[in-house]
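Structure record follows, encoded as structure tokens.
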Amino acid sequence: MERDLQIFELIEAENQRQREGLELIASENFASQQVMDAMGSVFTNKYAEGYPGRRYYGGCEVVDEMENVALERVKALFGAEYANVQPHSGATANAAVFLALLKPGAKIMGFDLSHGGHLTHGSPVNFSGKYFQPSFYGVEESTGLLNYDEIQKRAEQERPDLIICGASAYSRDIDYVRFRSIADSVGALLMADISHPSGLIAKGVLNDPLPHCHVVTTTTHKTLRGPRGGLIMMGKDFENPFGLKTPKGKVKSMSALLDGAVFPGTQGGPLEHVIAAKAVAFGEALEDSYMEYILQVQKNAQAMAGAFVERDYHLISGGTDNHLMLIDLRNKGVTGKAAEESLGKAGFTINKNMVPFDDKSPFVTSGIRLGTAALTTRGLKEADFIRVADMMDQALQQWEDEAALERIESEVAEWMSDKPLFAW
Ligand SMILES: *Cc1c(COP(=O)(O)O)cnc(C)c1O
């Protein structure tokens, strides 16, 4: 068979795009070569519905061994008693948890989408908002921070069955102990979705949700730097609070409920090639070099946030504890949409983002979200991120000047030309 040049030329074009630009999308990263090799492996050919030792297909002895390694590694990485590495993505991990913990029409309470929450936490266009009754808590306008007394009040008004903590654009750490006491006070279950900061949480750089939340979900491709995928964990397994029984009349454990909600509840055959790549990424994250990496991610975010503040940019909450920041551009006379376009022309890949109490639509927005995980993988340090902030500031000041944006773009391409995507 002839090689499919049409697609492989596009893959090469994408490779070049990733090499030449400055990747600041907070949810992206550069996976290592061995993560990508595992993902492109023969495990893609294997059907393995079920779980290690209890599959619905023959020939699963190797897959079983591999999936067990993935499970052991991720449990060691997060200190989890239970993990499920099969969810295809963060969204399907959340779908499975909702299926396991909630009845259709149940009440969920999540982080306001327009304040940085995720679609799967109750958006009307998502299953979470269609099949469940959502309510939301948000940040305080004056501080940009979660106000836990307000969340307590909201929970008492709404009486949710499930509270979700975690977001896609919140730059501060989360008080899971407080969230648990709020959940307990209204009889709600508590789920943390740590899709964004999971790498920092794994290495103990941020608060640990596992001892305090009933269930924890995450993606594996953001700060965790693995393949695109999802993951469900529990710090400790426990009896389900719904009294559901096994065929033998024993009360089912939460792990049995969650496993059943992933397969056969919401998925068919697991993506074993992606699970192999997850195992490789978990192995990498257990190493000292990843600890160094994740500390650098955080230091870089603080350096870049400081540089923007110095240049009179309005950061929501004034700074960052993790890998990302949300910038309100209203004092700079440029919308999020225009900033995304102009910065794109200047070589910066970023995304426009709603800011809390935004007066513009989600297609325009008043802000941008930036993260340091990807460029830190490329080897950039604090001084480099100050330079990034400075170049972005120049681009934003001249956002309507095509020639100026082009000049900045060639400077970016020149700077990045000798930097490998994965430098660790
Ligand atoms: C990215 C993200 C997800 C969804 O992940 P996908 O893999 O894109 O489905 C879910 N929750 C949060 C908080 C996220 O940031």
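Just so you know, residue 1 is the first one in the sequence shown, and it goes up from there. Whatever order the structure lists ligands and atoms in, that order sets their numbers, starting from 1. Below, all heavy atoms of this structure are taken into account, side chains as well, without hydrogens, waters or symmetry copies. Worth saying up front: this structure is predicted, and the values here are computed from it rather than measured.
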*Which atoms from ligand 1 have a heavy atom of A167 less than 4.0 Å away?*
13 (C)

_Main-chain N/O of F136 paired to D112 side chain as donor or acceptor, under 3.5 Å_ = no

*Taking only Lys NZ, Arg NE, NH1 and NH2, and the carboxylate oxygens of Asp or Glu, determine whether K337 and E340 approach each other closer than 4.0 Å.*
no

*Kindly write out the residues that satisfy side-chain contact (heavy atoms from CB on, under 4.5 Å) with K103, not counting sequence neighbours, or none if the list is empty.*
none

*Please determine if R54 and D259 form a salt bridge, counting it only when a charged side-chain N lies under 4.0 Å from a carboxylate O.*
yes

*Nearest to atom 3 (C) of ligand 1 by heavy atom, H221, H118, H88: which?*
H118

_Salt-bridge contact D161-K107 (side-chain N to carboxylate O under 4.0 Å)_ = no

*Kindly write out the residues that satisfy salt bridge (charged side-chain N to carboxylate O under 4.0 Å, His left out) with E150, not counting sequence neighbours, or none if the list is empty.*
K153

_Please list the nearest protein heavy atom to atom 9 (O) of ligand 1 with its residue and the distance rounded to 0.1 Å._
A91 N, 2.8 Å

*Among protein heavy atoms, which sits nearest to atom 7 (O) of ligand 1, and what does the distance come to when rounded to 0.1 Å?*
G90 N, 2.9 Å

*For ligand 1, which atoms sit closer than 4.0 Å to a heavy atom of S168?*
12 (C), 13 (C), 14 (C), 15 (O)

*Side chain or backbone of S195 under 4.0 Å from ligand 1, or both, or neither, by non-hydrogen atoms?*
side chain

*Relative to the heavy atoms of H196, which atoms of ligand 1 are at a distance of less than 4.0 Å?*
15 (O)

*List the closest protein heavy-atom neighbour of atom 13 (C) of ligand 1: residue, atom name, distance to the nearest 0.1 Å.*
D193 OD2, 3.3 Å

*asked:* Can you tell whether the side chains of E67 and K46 come within less than 4.0 Å, N to carboxylate O?
replied: no

*asked:* Among all the protein's non-hydrogen atoms, which is closest to atom 5 (O) of ligand 1, and how far away is it?
replied: T219 CG2, 3.2 Å

*Nearest protein heavy atom with distance in Å, relative to atom 2 (C) of ligand 1*: K222 NZ, 2.5 Å

*So is S27 in contact with ligand 1, going by heavy-atom distances below 4.0 Å?*
no

*Taking the six-membered ring for Trp, are Y137 and F111 ring centroids under 6.0 Å apart?*
yes

